[in-house]
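Order of the sequence lines sets the chain letters (A, B, ...), proteins ahead of strands, with each chain counted from 1. Bear in mind the structure is a predicted one, so any value in this text is a computation, not a measurement. Reckoned from all heavy atoms, side chains included, excluding hydrogens, waters and symmetry mates.
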Amino acid sequence: MQTITFPGRFESLDNIREFVVQAAKQAGFDEAATYAVELSVDEASTNIIEHAYGGEGKGDIIISVEITDQDFIVILHDHGKPFDPSKVPVPNHNVPLEELKPRGVGLFLIQKMMDEVQFEFTPDKGNILTLKKHRPGTVQ
Amino acid sequence: MSAAVTEFKRCVVVKSTGRIDSDTVPDLEETFKSLAKLGKYRLVLDMSEINFVSSKGWWLLIDVQKACKHLFRGELVLANIDKKIRDSLKLIGMDTYFKIFDDITSAVGSF
């Protein structure tokens, strides 16, 4: 497992994505699957900065990557406010343009693009988000 | 993030490079605001050198589209989108809000 701590700022996003993209390539993912990981981790990190910390520069994002025989695993850890995914609205994009509202798309993308998404919160550890994507050629 | 603006007779082409994420959206937003101040609402976004777009990026483009289509004064169309980026736009069901062209000539010619 490899772990890097990033400052919770939007300017960290480029480095965060580069870190997980390199690992995803090592896990044997093709371009589309690598982009799915890249996009999911970007969306999750943005949510941490905006919602868990309530803005930039309020805390760190600790990201670990692990490659097992079956899975590519990314764990995002923060010490911000607890995140409850059940309170995030499901986006409705079957509406006229002027009625579109920017709600819940990041979480929706993460859930569509990763195979397993798990949220945990404990007062001492904070938020731990575990994302898993099955490696190519593995039988689940 | 840099954005090059080229004026054509019937529309303006904005060419942005790199990534459109929470970090770079404010710069691109400024470019679109400057064009709005000049009354430019018929826009093509050339995405040939864009390699990443997060949901924050799509929401900026949706806001620009709303401003352009207001009072039927124009439209934002997209050109040269990388397949994986286009697939992610389709996945969130927002591809129906934009006309998408495979090349700049067709996009400019649509105005």
Side-chain angles (χ1 to χ4, degrees), chain A residues 6-18 20-21 24 29-51 53 55-57 61 88 90-114, chain B residues 1-2 16-30 41 43 47 49-78 81-100:
Chain A
F6 298 91
R9 309 189 68 87
F10 294 134
E11 64 188 22
S12 298
L13 291 173
D14 212 19
N15 290 333
I16 288 172
R17 288 196 304 267
E18 194 179 335
V20 295
V21 162
F29 287 146
D30 64 11
E31 192 182 349
T34 299
Y35 190 73
V37 171
E38 181 182 12
L39 186 52
S40 298
V41 173
D42 178 285
E43 297 289 348
S45 302
T46 294
N47 281 347
I48 289 170
I49 295 167
E50 286 191 336
H51 302 299
Y53 286 129
E56 292 188 90
I61 306 172
V88 179
V90 176
N92 178 9
H93 295 158
N94 196 16
V95 296
L97 175 69
E98 53 282 5
E99 291 173 26
L100 269 183
K101 288 180 185 157
R103 305 288 302 277
V105 173
L107 180 60
F108 178 83
L109 267 173
I110 294 167
Q111 289 170 329
K112 286 282 182 191
M113 300 189 111
M114 302 301 285
Chain B
M1 162 175 265
S2 59
S16 183
T17 59
R19 58 205 160 90
I20 307 179
D21 63 8
S22 300
D23 191 36
T24 63
V25 154
D27 285 347
L28 188 57
E29 190 173 19
E30 279 308 309
Y41 292 107
L43 309 175
M47 298 180 71
E49 290 180 28
I50 292 290
N51 54 34
F52 180 87
V53 184
S54 72
S55 62
K56 266 287 184 317
W58 294 125
W59 284 116
L60 167 64
L61 300 183
I62 286 288
D63 284 343
V64 172
Q65 185 71 298
K66 285 179 181 176
C68 287
K69 286 200 165 181
H70 184 62
L71 302 174
F72 303 99
R73 58 194 173 188
E75 183 171 7
L76 168 67
V77 306
L78 311 178
I81 309 184
D82 184 278
K83 185 184 180 302
K84 58 184 187 292
I85 295 175
R86 188 170 177 165
D87 287 347
S88 71
L89 178 64
K90 194 172 181 181
L91 184 66
I92 53 177
M94 286 160 69
D95 57 323
T96 55
Y97 299 102
F98 301 98
K99 283 182 193 157
I100 298 174

Give me the atom names and distance for the closest heavy-atom approach of [X] to [Y].
X	Y	result
B:Tyr97	A:Val95	OH-O, 2.6 Å
A:Leu39	B:Ser54	CD1-CA, 3.8 Å
A:Phe10	B:Ser22	CD2-CB, 3.4 Å

Let me confirm one number: the [atom1]-[atom2] distance from [X] to [Y], rounded to the nearest 0.5 Å.
X	Y	atom1	atom2	value
B:Gln65	A:Leu97	CD	CG	6.0 Å
A:Asn47	B:Ser55	CG	OG	7.5 Å
A:Leu100	B:Met94	CG	CE	6.0 Å
A:Tyr35	B:Ile85	OH	CD1	4.5 Å
A:Arg17	B:Asp21	CZ	CG	4.5 Å

Need one label for [X]: side chain, backbone, both or neither, based on atoms under 4.5 Å from any heavy atom in chain A.
X	answer
B:Asn51	backbone
B:Phe52	both
B:Lys69	side chain

> Which atoms of A:Pro102 come close to chain B, meaning under 4.5 Å heavy atom to heavy atom: side chain ones, backbone ones, both, or neither?
Replying inline: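 For A:Pro102, backbone and side chain are both near chain B.
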> With only heavy atoms counted, which part of A:Glu98 is less than 4.5 Å from chain B, the side chain, the backbone, both or neither?
Replying inline: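 Answer is backbone: N, CA, C or O of A:Glu98 sit under 4.5 Å from chain B.
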Is it true that, when you exclude [X] itself, more than 12 heavy atoms of the residues, nucleotides or ligands shown sit nearer than 6.0 Å to its [atom1]?
X	atom1	result
B:Arg86	CZ	no
B:Glu29	CD	yes
B:Lys90	NZ	no
A:Arg103	CZ	no

> Step by step, would you call B:Lys56 with A:Glu50 a side-chain contact (heavy atoms from CB on, under 4.5 Å)?
Replying inline: CA-CA 12 Å; B:Lys56 266 287 184 317; A:Glu50 286 191 336; 2.6 Å; yes
